[in-house]
Chemist: 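I have a structure I would like to understand better, so I am pasting it below and will then ask my questions one at a time.
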Amino acid sequence: MPELPEVETTRRGIAPHLEGRTVKGVVVRERRLRWPVPVGLDRTLRGQRVQGVERRGKYLLIRFASGTLIIHLGMSGSLRVLPAETPPQPHDHIDLCLADHCLRLRDPRRFGAVLWTRDDPREHKLIAHLGPEPLSDAFSADYLHQYASKRRVAIKSLLMDSKVVVGVGNIYANESLFMAGIHPQRTCNRISLARCERLVAAVKQVLAAAIEQGGTTLRDFQREDGKPGYFAQQLQVYGRGGAPCVACGRPLKETRIGQRSTVYCGRCQR
DNA sequence: AAATTCTCCTGAAGGC
DNA sequence: TGCCTTCAGGAGAATT
């Protein structure tokens, strides 16, 4: 499941193969994604040159002179650069064809999205109201503390709210809260500035480390499976309910917050 | 306004 | 072995 580190790794992987290249054609085999894939993408993009590949939160932005292709990978989406004429496999929904290669979107669960906007993508409905990037200075302890003071949800829910900060999915919310020693159920307006400081630092550290590892595990973005290696590796709590806490050895507890699997240590996290 | 629940979908895992 | 059920999850939409 693509979290921000994997989306960023994908961006870095595909950008050199796209930027400055001209689209030869677009093939849409399945347009029933989260929202219908716009009709006429082939006509819109054929002959257009890619000006840049950017990211905002978990949205990838492929910029052209006449507009921007907005791509979200949802839960099961992946983008790979393949040699032209590579036969499509099941769930390979869209190809962006270049001279010698194609950018191919695969998304078995179809929670992803491919949209087109002619306007500034930063003003797009889905993007305009997003919170700050987690690795930017705008995501600070002061910012989080102030935002948290106005709300009464569990801190984990706050972290995963894209209006508060983008890119912190379920896995990294669990990991960050463990690292910061904060109980995921704790009401967000009852966390001190000092503890917000720890939490913000933890989020940045976890995401930065994952991007670094995503870079190694996904460097060969043409490979068939694209399974992120950093998942299984250094996870301290996610997926480890009942297993011993790496810090104190007590069994990790598992519960649900907002329909999401939540794992924590009842002793280390308060 | 804020908080909570619902919804989309398929593959994996578990039960019998 | 095979069929059935359950579950996971991003995040906007709908509901409370």
Side-chain angles (χ1 to χ4, degrees), chain A residues 1-11 29-38 55-61 70-79 88-94 105-115 117 121 123-134 144 146-177 184-190 203 207 210 214 224-228 230-232 235 237-243 254-263:
Chain A
M1 52 210 88
E3 300 245 9
L4 186 143
E6 191 173 354
V7 176
E8 175 59 19
T9 300
T10 296
R11 188 194 70 76
R29 298 181 198 85
E30 172 62 80
R31 57 178 75 254
R32 294 175 302 169
L33 301 187
R34 170 109 202 238
W35 296 282
V37 177
R55 179 186 61 75
R56 178 71 175 96
K58 294 179 186 172
Y59 291 94
L60 284 166
L61 308 173
I70 300 174
I71 301 177
H72 196 290
L73 298 176
M75 259 211 58
S76 59
S78 63
L79 283 171
Q89 305 286 310
H91 311 300
D92 284 347
H93 304 315
I94 298 179
L105 172 71
R106 172 178 301 177
D107 186 2
R109 294 184 191 180
R110 312 211 313 264
F111 280 15
V114 174
L115 299 169
T117 180
E123 293 171 13
H124 189 275
K125 183 186 170 191
L126 294 175
I127 293 173
H129 303 106
L130 294 177
E133 290 287 328
L144 184 65
Q146 188 167 341
Y147 209 119
S149 70
K150 302 180 224 162
R151 303 277 301 273
R152 303 182 166 208
V153 289
I155 182 61
K156 178 160 180 266
S157 298
L158 194 79
L159 269 188
M160 293 177 67
D161 183 341
S162 63
K163 289 191 293 299
V164 178
V165 58
V166 297
V168 183
N170 192 40
I171 293 173
Y172 293 120
N174 278 299
E175 295 298 311
S176 300
L177 287 163
Q185 276 285 23
R186 173 164 288 272
T187 306
C188 64
N189 65 356
R190 299 189 64 243
V203 168
L207 289 177
E224 193 49 39
D225 67 21
K227 285 221 165 60
Y230 61 79
F231 265 38
L235 297 180
V237 289
Y238 181 82
R240 296 192 63 243
E254 184 154 17
T255 182
R256 292 184 83 75
I257 296 177
Q259 342 259 53
R260 293 293 174 266
S261 168
T262 302
V263 186

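Computed over heavy atoms, backbone and side chain alike; hydrogens, waters and symmetry mates excluded. In what follows, chains carry the letters A, B, and so on, assigned in the order in which the sequence lines appear, proteins first and then strands, with residues in each chain numbered from 1.
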Chemist: Within a 6.0 Å radius of atom NZ on A/K150, are there more than 12 heavy atoms belonging to other residues, nucleotides or ligands?
Modeler: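 Result for NZ/A/K150: enclosed.
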Chemist: Nearest heavy-atom pair of A/P184 and A/A154: which atoms, and what distance?
Modeler: O-CB, 3.4 Å
Chemist: Return whichever of A/E254 or A/L126 has its heavy-atom-nearest nucleotide of DNA chain C closer to the 5' end.
Modeler: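 Here A/E254 is the residue nearer the 5' end.
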Chemist: Can you tell me how far C1' of B/dC9 sits from NE2 of A/H72, to the nearest Å?
Modeler: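 Between C1' of B/dC9 and NE2 of A/H72: 15 Å.
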Chemist: Name every residue in residues 29-38 of chain A that has at least one heavy atom under 4.0 Å from any atom of DNA chain B, in order of residue number, or write none if there are no such residues.
Modeler: none
Chemist: Quick one: does A/R256's side chain get under 4.5 Å of A/S261's, heavy atoms only?
Modeler: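 The answer is yes; the side chains approach within 4.5 Å.
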Chemist: Is there a side-chain contact between A/V203 and A/L144, using heavy atoms and a 4.5 Å cut-off?
Modeler: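 A side-chain contact under 4.5 Å is absent here.
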Chemist: Just call it for A/S76: base, sugar-phosphate, or nothing, with non-hydrogen atoms closer than 4.0 Å on any strand.
Modeler: nothing
Chemist: Does A/E254 pair with A/R240 as a salt bridge, N-O distance under 4.0 Å?
Modeler: no
Chemist: Could you tell me the separation between the NE2 atom of A/H93 and the C1' atom of B/dT10, rounded to a whole number of Å?
Modeler: 10 Å
Chemist: Can you tell me how far CD1 of A/I127 sits from CZ of A/R56, rounded to the nearest 0.5 angstrom?
Modeler: 8.0 Å
Chemist: Among A/L207, A/V164, A/L159, which residue satisfies the side chain to side chain contact (heavy atoms under 4.5 Å, CB included) criterion with A/P134?
Modeler: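 Passing option: A/L207.
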Chemist: Please name all residues satisfying salt bridge (Lys or Arg N to Asp or Glu O under 4.0 Å) with A/E30, sequence neighbours left out, ordered by chain then number.
Modeler: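 Expected list: A/R32.
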Chemist: Is A/V168 close to A/L4 at the side-chain level, that is, under 4.5 Å between some pair of heavy atoms?
Modeler: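 No - every pair of side-chain heavy atoms lies 4.5 Å or more apart.
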Chemist: Atom pairs, N/O to N/O, protein against nucleotides 1-4 of chain B, distance under 3.5 Å?
Modeler:
{"residue": "B/dA3", "atom": "OP1", "partner": "A/R152", "partner atom": "N", "Å": "2.6"}
{"residue": "B/dA3", "atom": "OP2", "partner": "A/R151", "partner atom": "NE", "Å": "2.2"}
{"residue": "B/dA3", "atom": "OP2", "partner": "A/R151", "partner atom": "NH2", "Å": "3.1"}

Chemist: Taking ring-ring contact (aromatic ring centres under 6.0 Å, His included) as the definition, give me every residue that meets it alongside A/H72, ordered by chain and number, with sequence neighbours left out.
Modeler: A/Y59
Chemist: Just the endpoints, please: which first and last nucleotides of DNA chain C, 5' to 3', lie under 4.0 Å from a heavy atom of chain A?
Modeler: C/dA8 to C/dA13
Chemist: Given axes from five pairs at either end, by how many degrees does the helix from B/dA2-C/dT16 to B/dC16-C/dG2 bend, rounded to 10°?
Modeler: 50°
Chemist: Just checking A/R29: does its CZ atom have more than 12 heavy atoms from other residues, nucleotides or ligands closer to it than 6.0 angstrom?
Modeler: yes
Chemist: What's A/K125 touching, base or sugar-phosphate or nothing? Going by heavy atoms closer than 4.0 Å.
Modeler: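 A/K125: backbone/sugar contact only, no base atoms under 4.0 Å.
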Chemist: Is the shortest side-chain heavy-atom distance between A/N189 and A/R151 below 4.5 Å?
Modeler: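 The answer is no; the side chains never approach within 4.5 Å.
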Chemist: Output yes when at least one side-chain N/O atom of A/R110 is less than 4.0 Å from OP1 or OP2 of B/dT10, else no.
Modeler: yes
Chemist: Might you confirm whether atom CZ of A/R190 has over 12 heavy atoms from other residues, nucleotides or ligands at distances under 6.0 Å?
Modeler: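 Not buried by this count: 12 neighbours or fewer within 6.0 Å.
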